**Q** 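First the structure, then my questions, so here it is.
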Amino acid sequence: MVLKNEPLSKHSSFKIGGNADFFIEIPNEKALVICLENIAAERYMVLGSGSNVLFSDKGYKGVIIKLTREFRNVEVFQEKILVGAGAEVQHVLNIALKNSLVGLECVAGIPGTVGAAVYGNVGTKSEWIGALVENVEIYKNTKKERLNREQINFSYRKSSLEKCVIVRVEFLLKKDTKNDSLSKIYDSIHKRLQRQPLDMPSAGSIFKNPVGYSAGKLIEEVGLKGLHVGGAKISNKHGNFIVNTGQATSKDVLTLIDIVKEKINFKFNIALETEVKIINGK
Ligand SMILES: Cc1cc2nc3c(=O)[nH]c(=O)nc-3n(C[C@H](O)[C@H](O)[C@H](O)COP(=O)(O)OP(=O)(O)OC[C@H]3O[C@@H](n4cnc5c(N)ncnc54)[C@H](O)[C@@H]3O)c2cc1C
């Protein structure tokens, strides 16, 4: 399905963003290849669930691709799970648990798709999804490649899978019938409910944690919790969350980001790096 002038606020957990020139839903690999061939000269990006992006108020000049249907398939082969990049991470975690496969607990409660999770190596402060990846199938332009785990670098909220479309991921988990996965998952979700402003639109943590520090605590220490610019506000509940109180624009959010960076740099001499992907507009 091809949509013209599609409002990106509908496709971002922040509920912010102008219109994309084109928004294409791709149901399978054949359609993906045709699409990639046709948009080779255009600017494009793959979008998962939009829970880690800040779109511009000016929208997106180019093509947004969303992987649907066959890209949401999940298959279990003993200790391995083969997953389409468009599947939701929480769905995969549920299937793993039903099959007594453990390892993915570090992603409990994290919104978004498998493709984005592997691209951004999501997880907690100490555990990442990248550690469970066995291999990844990608498209670089129209060329398909399969990369083994040795060929991919994973570090804190980063992978070497740049400038490609991830289409499928194989995870290697562990069979464990008397596991304590469920209690780990409940614990993680309980902490999220207590600490994060999940009742308001946001994109999760705005900044990466600098080595040895918590970005949220630093922001709290400089007294910026509760600060707002237009409709964007630094959450009173968690210093590293910026929430949309209703009518926030990306300009509001970017202004808050600049204020935080400047204050933290001035007070602690630390250069904060954004975790949210800031997508340039038209
Ligand atoms: C309330 C909340 C809590 C969160 N908690 C956490 C947390 O605890 N830990 C954590 O790590 N993150 C967390 N996040 C951030 C977010 O959930 C993750 O970054 C997630 O992986 C984003 O998935 P998505 O599908 O929404 O990606 P999107 O936001 O749609 O895209 C993110 C990036 O991935 C790229 N991408 C998407 N799909 C593909 C693909 N198939 N191939 C190549 N590139 C692709 C996009 O181009 C974009 O650059 C949180 C977010 C929210 C809103």
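Position 1 is the first residue of the sequence, and the numbers go up from there. As the structure lists them, so they are numbered: ligands from 1, and atoms in each ligand from 1. Remember, it's a predicted structure, so these values are computed and weren't measured experimentally. Because only heavy atoms are used, hydrogens play no part in the values below, and waters and symmetry mates are left out as well, while side chains stay in.
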**Q** Does atom CD of Q78 have more than 12 heavy-atom neighbours, drawn from other residues, nucleotides or ligands, at distances under 6.0 Å?
**A** no
**Q** Any salt bridge (Lys or Arg N to Asp or Glu O under 4.0 Å) pairs touching residues 219-243, not counting sequence neighbours?
**A** E220-K225
**Q** Does at least one non-hydrogen atom of G120 fall below 4.0 angstrom from an atom of ligand 1?
**A**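 Distance cut 4.0 Å: G120 fails for ligand 1.
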**Q** In the protein, which heavy atom is nearest to atom 22 (C) of ligand 1, and how far is it?
**A**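 I find the closest protein heavy atom is S51 OG, 3.3 Å.
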**Q** Should we count NZ of K61 as having more than 12 external heavy atoms under 6.0 Å?
**A** no
**Q** Run the numbers for me: atoms of ligand 1, each under 4.0 Å from some heavy atom of A85, listed by number.
**A**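 Checking each atom against A85, I get 41 (N).
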**Q** Which of the numbered atoms in ligand 1 are below 4.0 angstrom from a heavy atom of G112?
**A** 23 (O), 24 (P), 25 (O), 26 (O)
**Q** Can K140 and E145 be counted as an ion pair, charged N to O under 4.0 angstrom?
**A** no
**Q** Do any nitrogen or oxygen atoms of V165 come within less than 3.5 Å of a nitrogen or oxygen of ligand 1?
**A** no
**Q** Is E25 salt-bridged to K66, going by a charged N under 4.0 Å from an acidic O?
**A** no
**Q** Could you see which bit of L67 sits under 4.0 Å from ligand 1, with heavy atoms only: side chain, backbone, both or neither?
**A**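 Side chain only.
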**Q** Is atom NZ of K58 surrounded by more than 12 heavy atoms (other residues, nucleotides or ligands) closer than 6.0 Å?
**A**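 No, NZ of K58 has 12 or fewer neighbouring heavy atoms, counting only those of other groups under 6.0 Å.
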**Q** Would you say F241 has any N or O atom under 3.5 Å from an N or O of ligand 1, going by distance alone?
**A**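 Among all N and O atoms of F241, none is under 3.5 Å from an N or O of ligand 1.
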**Q** Measuring from atom 2 (C) of ligand 1, which candidate in G204, G86, A117 has the nearest non-hydrogen atom?
**A**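 Ranked by closest heavy atom to atom 2 (C) of ligand 1, first place is G204.
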**Q** Can you report which non-hydrogen protein atom sits closest to atom 14 (N) of ligand 1, along with the distance?
**A**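 Sorting protein heavy atoms by distance from atom 14 (N) of ligand 1 puts I110 CG2, 4.1 Å first.
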**Q** For residues 4-50, pull every pair meeting ring pair (Phe, Tyr, Trp, His ring centres under 6.0 Å), keeping only residues two or more places apart or in separate chains.
**A** H11-F23
**Q** Of all the non-hydrogen atoms in the protein, which one sits nearest to atom 47 (O) of ligand 1, and at what distance?
**A** V46 O, 2.6 Å
**Q** State whether the shortest distance between N or O atoms of R157 and N or O atoms of ligand 1 falls below 3.5 angstrom.
**A**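 Yes; the residue has a nitrogen or oxygen that sits under 3.5 Å from a nitrogen or oxygen of the ligand.
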**Q** With a 4.5 Å limit on heavy-atom distance, are the side chains of E70 and E29 in contact?
**A** no
**Q** Using a strict cut-off of 4.0 Å, indicate which atoms of ligand 1 neighbour a heavy atom of A203.
**A** 51 (C), 52 (C), 53 (C)
**Q** Would the number of heavy atoms belonging to other residues, nucleotides or ligands and lying under 6.0 Å from CD of E262 be above 12?
**A** no
**Q** For atom 20 (C) of ligand 1, tell me which residue out of C106, G84, P111 has the closest non-hydrogen atom.
**A**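 Of the listed residues, P111 has the closest heavy atom.
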**Q** Are T113 and L67 close enough that some pair of their side-chain heavy atoms sits under 4.5 Å apart?
**A** no
**Q** Within ligand 1, which atoms have a heavy atom of S202 less than 4.0 Å away?
**A**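 This gives 53 (C) as the contact atoms.
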**Q** Which of these, L101, L82, V114, sits in a side-chain contact (heavy atoms from CB on, under 4.5 Å) with F171?
**A** V114
**Q** Is the shortest distance from a heavy atom of R192 to ligand 1 less than 4.0 Å?
**A**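 Contact check R192 vs ligand 1: positive.
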**Q** For ligand 1, is there an N or O atom under 3.5 Å from any N or O atom of N52?
**A** yes
**Q** Of all the non-hydrogen atoms in the protein, which one sits nearest to atom 24 (P) of ligand 1, and at what distance?
**A** S49 N, 3.4 Å
**Q** Check this for me: Y213, atom OH, are more than 12 non-hydrogen atoms of other residues, nucleotides or ligands nearer than 6.0 Å?
**A**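 No, not enclosed.
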**Q** Mind checking whether C164 has a heavy atom under 4.0 Å from ligand 1?
**A**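 So C164 counts as touching ligand 1.
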**Q** Going by the atom numbers of ligand 1, which of them fall below 4.0 Å from some non-hydrogen atom of G48?
**A**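 The list of qualifying atoms is 25 (O), 28 (P), 30 (O), 37 (C).
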**Q** Quick check on contacts: which atoms of ligand 1 are under 4.0 angstrom from a heavy atom of M45?
**A** 47 (O)
**Q** With the threshold set at 4.0 Å, does a side-chain nitrogen-carboxylate oxygen contact exist between E275 and R157?
**A**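 Between R157 and E275 there is a salt bridge, with a charged N closer than 4.0 Å to a carboxylate O.
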**Q** Would you say that more than 12 heavy atoms from the other residues, nucleotides or ligands in this model lie under 6.0 Å from the NZ of K175, or not?
**A**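 Yes - once you tally the heavy atoms of other residues, nucleotides and ligands closer than 6.0 Å, there are more than 12.
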**Q** Could you tell me the residue and atom name of the protein heavy atom closest to atom 35 (C) of ligand 1, and the distance to it rounded to 0.1 Å?
**A**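 Its nearest protein heavy-atom neighbour is Y119 CD2, 3.6 Å.
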**Q** Which of the numbered atoms in ligand 1 are under 4.0 angstrom from any heavy atom belonging to L198?
**A** 1 (C)
**Q** Tell me which one of A116, S159, A108, S205 gets a heavy atom nearest to atom 27 (O) of ligand 1.
**A** A116
**Q** Provide the number and element of each atom of ligand 1 under 4.0 Å from a heavy atom of T113.
**A**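 Heavy-atom distances to T113 below 4.0 Å select 23 (O), 24 (P), 25 (O).
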